Protein chains: 2
Amino acid sequence: MAHIITEHEVLAVVFQVRVPASADTDGKPALHVLLWQRALDPERGRWSLPGGRLGADEDLTSSVRRQLAEKVDLRELAHLEQLAVFSDPIRVPGPRTIASSFLGLVPSPATPELPSDTCWHAVSDLPPMAFDHGPMVEHARIRLGAKLSYTNIGFALAPDEFALSTLRDIYSAALGHHVDATNLQRVLERRNVITRTGTTARSGRSGGRPAALYRFADSRYRVTDEFAALRPPG
Amino acid sequence: MAHIITEHEVLAVVFQVRVPASADTDGKPALHVLLWQRALDPERGRWSLPGGRLGADEDLTSSVRRQLAEKVDLRELAHLEQLAVFSDPIRVPGPRTIASSFLGLVPSPATPELPSDTCWHAVSDLPPMAFDHGPMVEHARIRLGAKLSYTNIGFALAPDEFALSTLRDIYSAALGHHVDATNLQRVLERRNVITRTGTTARSGRSGGRPAALYRFADSRYRVTDEFAALRPPG
DNA sequence: GCAAAAGTGTTTACGCTACACCCATGA
DNA sequence: TCATGGGTGTAGCGTAAACACTTTTGC
């Protein structure tokens with residue numbers, strides 16, 4: 001078996017729920033992904049995931065943190081997790097390069113500074129993507145949806161404190177379907193994922209009862225509903 | 001950032017449910033993993049996962065299939081799936097090597113020929129393991145347990161046709177806890193994971209009613225219970 | 001008939017969805 | 001007082017665990 005040089009790169013799919021900049025949608029928040037536009041060939045003009053080559057003395061997670069720091073303030077990054085490996089020998093031109101994709105999450109109200117070549121794009125309306133980065137985004141989106149169902153990963157998309165209607169909008173944007181705020185509350189409270197702060201928000205522009213504020217009980221990733229079936233006895 | 005040569009290897013955690021060779025346990029089947037014993041340094045004498053270096057013109061899956069073929073007849077392998085990446089810069093001595101771990105499954109009654117340095121070990125009683133291969137086995141075991149709950153992956157551990165009590169023993173061995181055959185039947189039938197063949201087994205050594213035979217409806221991996229919670233409206 | 005093993009029925013419990021209804025506020 | 005949005009109660013549905021009971025076989 002011949003061995004040639006194999007490179008390894010990391011690529012981060014960084015999501016945030018944002019209200020779209022343009023007034024095209026009705027102001028409803030939507031799931032966005034962080035992309036930068038390639039200024040040089042190959043694939044000049046197309047949009048890329050942040051990331052790049054693995055350094056000699058770093059593991060994958062350190063590498064992706066280092067390279068993401070060039071695009072966003074890492075303090076804004078509430079969650080980072082390895083997802084998949086893309087290993088097609090011809091997935092990019094040039095030397096054979098294996099890519100590990102990561103899922104990164106930025107909480108909703110944060111508006112990190114971005115370099116001029118970098119911006120947020122609605123996942124439902126992606127620009128022309130470089131290489132195999134389009135499928136990587138799609139894969140990450142599906143994993144995020146699944147993980148919202150059985151983990152507390154929402155903490156990494158939500159503000160520190162929030163009204164339930166805000167949280168519903170975030171879940172709804174990330175899952176891509178309508179979410180009932182009432183049931184969301186009870187599911188997450190039963191699992192001890194969220195707790196009331198005791199304070200309330202001021203009521204909105206057009207009146208209405210002031211919303212109770214909640215926060216996530218835990219700001220570290222945790223599986224909250226491990227078994228879909230075939231639970232252990234007990 | 002300095003770049004040095006980075007190697008990439010694949011390692012397969014191949015599981016099978018087997019009745020232990022020794023008469024230590026009471027003949028109950030248990031989950032086993034395929035290991036080979038290193039004849040040379042480093043880590044001489046310790047036990048290793050099958051696998052090795054990625055070739056130039058193959059993707060990860062092709063590579064692991066090629067390298068597994070040296071240990072077992074690939075026709076016995078009913079399922080193969082990529083799991084995780086281990087990227088600690090000093091996880092093995094010598095050139096920096098990233099490892100991708102795979103989950104492989106061999107159906108229960110098969111008894112593939114093995115090279116003399118290779119044999120099955122009960123997962124509950126592992127021998128001294130080389131490098132970070134011990135944690136890899138543990139990680140794969142946990143993933144297998146989770147996937148048994150929400151996919152049809154059992155097809156890759158079970159015979160073509162089987163009595164429900166056999167299937168219960170297989171699930172029980174893989175999950176590590178008692179499983180009720182009655183409930184297993186209903187869960188898997190409701191999801192259309194198993195179907196009756198219409199035939200029955202001959203009744204056993206000590207009498208008893210002959211068992212109806214079942215088979216898996218699908219012998220390709222399929223998610224059967226996607227949502228633990230937060231289902232889309234319907 | 002009797003023991004052994006397989007299969008069925010039934011009860012209980014739990015979690016999620018849906019929806020009607022009640023509550024608190026600003027104008 | 002009314003419109004608006006937040007919060008609660010509750011009924012219904014689906015799924016799973018537990019376990020007693022019935023059926024079918026060999027001896």
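Sequence lines set the chain letters: A, B, ... in the order given, protein chains first and strands last, and positions in each chain run from 1. Nothing here was measured: the structure is a model prediction, and the numbers come from that model. We use all heavy atoms of the structure for the numbers below, so side chains are in, but hydrogens, waters and symmetry mates are not.
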Exercise for review: Please list, by residue number, the residues of residues 160-169 of chain A whose heavy atoms come closer than 4.0 Å to an atom of DNA chain D; answer none if no residue qualifies.
Suggested key: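 Going residue by residue through residues 160-169 of chain A, the ones with a heavy atom under 4.0 Å of DNA chain D turn out to be A:S165.
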
Take atom [atom1] of [X] and atom [atom2] of [N], then tell me their distance rounded to the nearest Å.
X	N	atom1	atom2	answer
A:I194	D:dG7	CD1	P	10 Å
A:L184	C:dT17	CG	P	9 Å
B:D180	C:dG7	CG	P	13 Å
A:L188	C:dT17	CG	P	11 Å
B:L148	D:dA16	CG	C1'	17 Å
A:R209	C:dC22	CZ	P	14 Å

Practice item. Just jot down the salt bridge (Lys or Arg N to Asp or Glu O under 4.0 Å) partners of B:R215, sequence neighbours excluded, or say none. Key: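 Once residues adjacent in sequence are excluded, the partners of B:R215 under the salt bridge (Lys or Arg N to Asp or Glu O under 4.0 Å) criterion are B:E161.
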
Results of ring-ring contact (aromatic ring centres under 6.0 Å, His included) for [X] - residues two or more places apart only:
X	answer
A:Y221	A:H79
B:F155	none
A:Y214	none
A:W120	none

Exercise for review: Report yes if a side-chain nitrogen or oxygen of B:Q185 is closer than 4.0 Å to either non-bridging phosphate oxygen (OP1 or OP2) of C:dT8; otherwise report no.
Suggested key: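 True: B:Q185 side-chain N/O within range (under 4.0 Å) of C:dT8 OP1/OP2.
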
**Study point:** Polar pair under 3.5 Å, donor/acceptor by atom type, side chain A:T182, base C:dT17
**Key:**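 No, no donor-acceptor pair under 3.5 Å.
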
Set of side-chain hydrogen bond (donor to acceptor under 3.5 Å, both in side chains) partners for [X], sequence neighbours left out:
X	result
A:R141	A:E138
A:D218	A:R222
B:S87	none

Practice item. By nearest nucleotide on DNA chain C, pick out whichever of B:L213 and B:L230 is the more 5' one. Key: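 Going by which nucleotide is closer to the 5' end, it is B:L213.
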
Exercise for review: Work out how much the helix from C:dG1-D:dC27 to C:dA27-D:dT1 bends between its end axes, five pairs an end, to the nearest 10 degrees.
Suggested key: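 Comparing the axis at each end, I get an angle of 20°.
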
Check your understanding: Does any pair with a residue in residues 171-188 of chain B pass salt bridge (Lys or Arg N to Asp or Glu O under 4.0 Å), and if so which ones, sequence neighbours excluded?
Key ->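 For residues 171-188 of chain B, and leaving out neighbouring residues, there are no salt bridge (Lys or Arg N to Asp or Glu O under 4.0 Å) pairs at all.
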
Review point. Does any donor atom in the side chain of A:S172 or A:D169 lie under 3.5 Å from an acceptor atom in the other side chain?
Key: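 There is no such pair between these side chains.
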
Practice item. Consider the side chain of B:R196, meaning its heavy atoms from C-beta on, and name the nucleotide among C:dT8, C:dA6, C:dT25 that approaches it most closely. Key: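 Looking only at heavy atoms from C-beta outward on B:R196, the closest nucleotide is C:dT8.
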
I'd like a list of close polar pairs between nucleotides 10-15 of chain C and the protein, N/O only, cut-off under 3.5 Å.
from: C:dT10; atom 1: O4; to: B:R186; atom 2: NH2; distance (Å): 3.4

**Study point:** Salt bridge present between A:E81 and A:R143 (N-O < 4.0 angstrom)
**Key:**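 No salt bridge links A:E81 with A:R143.
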
